[in-house]
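A quick write-up on the structure given underneath.
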Amino acid sequence: MVEIVPSILSADFAHLAEEIGRVERGGASILHLDVMDGHFVPNLTIGPPVVESIRKTTRAHLDVHLMIENPERYVAAFAGAGANSISVHYEACRHLDQVLGLIREQHVQAGVVLNPATPVSVLKDVLEVADYVLLMSVNPGFGGQKLIPYVLNKVRRLDQMRREKRLALPIEIDGGVHLENLAEVVRAGCDWIVTGSAVFHSRDPEATVREMREIAANANAVRC
Ligand code: DX5
Ligand code: ZN
């Protein structure tokens with residue numbers, strides 16, 4: 001099942017509960033929360049208190065994307081705040097296996113994220129201890145950027161790797177996905193499609209999520 005996963009980065013933070021309500025009515029059951037520290041990426045966003053407040057307003061799966069240095073220091077805080085999945089960047093972890101273990105110890109799904117320039121081959125051995133993989137399709141830090149086309153080849157390669165290993169782990173993609181390129185992204189092999197500006201900057205976020213879910217379901221039917 002392909003999921004459309006709205007990223008609240010492009011939502012109106014002063015009206016977050018209403019914004020979340022809109023995308024949930026459109027059918028979204030996973031929300032993507034981008035955490036940035038101004039070091040790993042040149043931008044700052046939210047921390048555990050905001051995640052905790054969001055947790056009180058929704059029953060959706062909260063997918064926390066940590067774009068921070070030393071993510072192991074904050075895993076317990078985000079898990080305690082109500083995250084259902086937490087992903088950490090390969091590029092930010094000196095001891096990736098250990099960090100994934102820490103996340104799982106909190107009974108939270110553990111994800112590995114790769115920047116566009118990092119090849120999927122680095123995941124060869126760690127796939128078994130991850131619950132999902134997030135491939136960045138833009139350089140992380142900001143919403144509203146263009147999808148980098150070669151990342152779709154990485155998706156195809158990773159899809160091949162998981163088939164060979166008979167692993168069911170979802171492939172998530174993040175950045176630059178909109179109504180026009182969504183079908184191609186799904187056909188490449190993505191399961192969780194993060195989308196920020198295409199949803200929250202649209203006239204009717206609820207209708208946009210619904211339309212995206214339909215496009216994704218049709219494209220997935222061709223893929224299977
Ligand atoms: C970028 C973030 C994304 C961002 C995607 O660093 O990780 O989640 O919100 O936004 P769009 O869909 O606008 O590219
Ligand atoms: Zn993200």
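Order of appearance sets the numbers: ligands from 1, and atoms from 1 within every ligand. Since we're looking at a predicted model, the values are computed, not measured. Every heavy atom of this structure was used, including side-chain atoms; hydrogens, water molecules and symmetry mates were not.
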### Message
Salt bridge or not between E206 and R210? Use side-chain N to carboxylate O under 4.0 Å.
### Response
yes
### Salt-bridge criterion met for E52 and R55 (N-O under 4.0 Å)
no
### Message
For a quick check under 3.5 Å, do Y132 and D191 share a side-chain donor-acceptor pair by atom type?
### Response
no
Which of the atoms of ligand 1 are close to [X], meaning less than 4.0 Å from one of its heavy atoms?
X    : value
D34  : 2 (C), 3 (C), 4 (C), 7 (O), 8 (O), 9 (O)
G143 : 10 (O), 13 (O)
H65  : 7 (O)
G176 : 11 (P), 12 (O), 14 (O)
H32  : 8 (O)
M67  : 6 (O), 7 (O)
G175 : 14 (O)
S197 : 11 (P), 12 (O), 13 (O)

### Task
Mark yes when over 12 heavy atoms from residues, nucleotides or ligands other than F142 sit less than 6.0 Å from its CZ; otherwise mark no.
yes
Starting from the Zn ion (ligand 2), look over the N/O/S atoms of [X] and name the nearest one.
X    : answer
H65  : ND1
D174 : OD2
D34  : OD1

### Query
Taking all atoms of both residues into account, what is the closest heavy-atom pair of R223 and R187, and its distance?
CD-O, 4.0 Å
### Task
Among L114, D159, I171, find the residue that satisfies the side-chain contact (heavy atoms from CB on, under 4.5 Å) test when tested with V120.
L114
### Pick from N115, V138, D174: the one approaching atom 3 (C) of ligand 1 most closely through a non-hydrogen atom
D174
### Query
After noting the C-alpha distance and the side-chain angles of F200 and D12, does the key distance pass the side chain to side chain contact (heavy atoms under 4.5 Å, CB included) rule?
CA-CA 8 Å; F200 288 107; D12 178 352; over 6 Å; no
Just need the protein heavy atom nearest to [atom], so name the residue and atom and give the distance.
atom                    : result
atom 12 (O) of ligand 1 : G196 N, 2.8 Å
atom 9 (O) of ligand 1  : S7 OG, 2.8 Å
atom 1 (C) of ligand 1  : F142 O, 3.5 Å
atom 6 (O) of ligand 1  : G141 N, 2.8 Å

4.0 Å heavy-atom contact, [X] with ligand 1:
X    : answer
G144 : yes
M136 : yes
H201 : no

### Backbone of A60 reached by a side-chain donor or acceptor of S29 within 3.5 Å
no
### Query
Under 30°, 30 to 60°, or over 60°: which ring-plane class applies to H65 and H32, parallel, tilted or perpendicular?
tilted
Are [Y] and [X] linked, directly or through intermediate hydrophobic residues, by side-chain heavy-atom contacts shorter than 4.5 Å (ILVMFWY only)?
X    : Y    : answer
I30  : I54  : no
W192 : L167 : no
L31  : I4   : yes

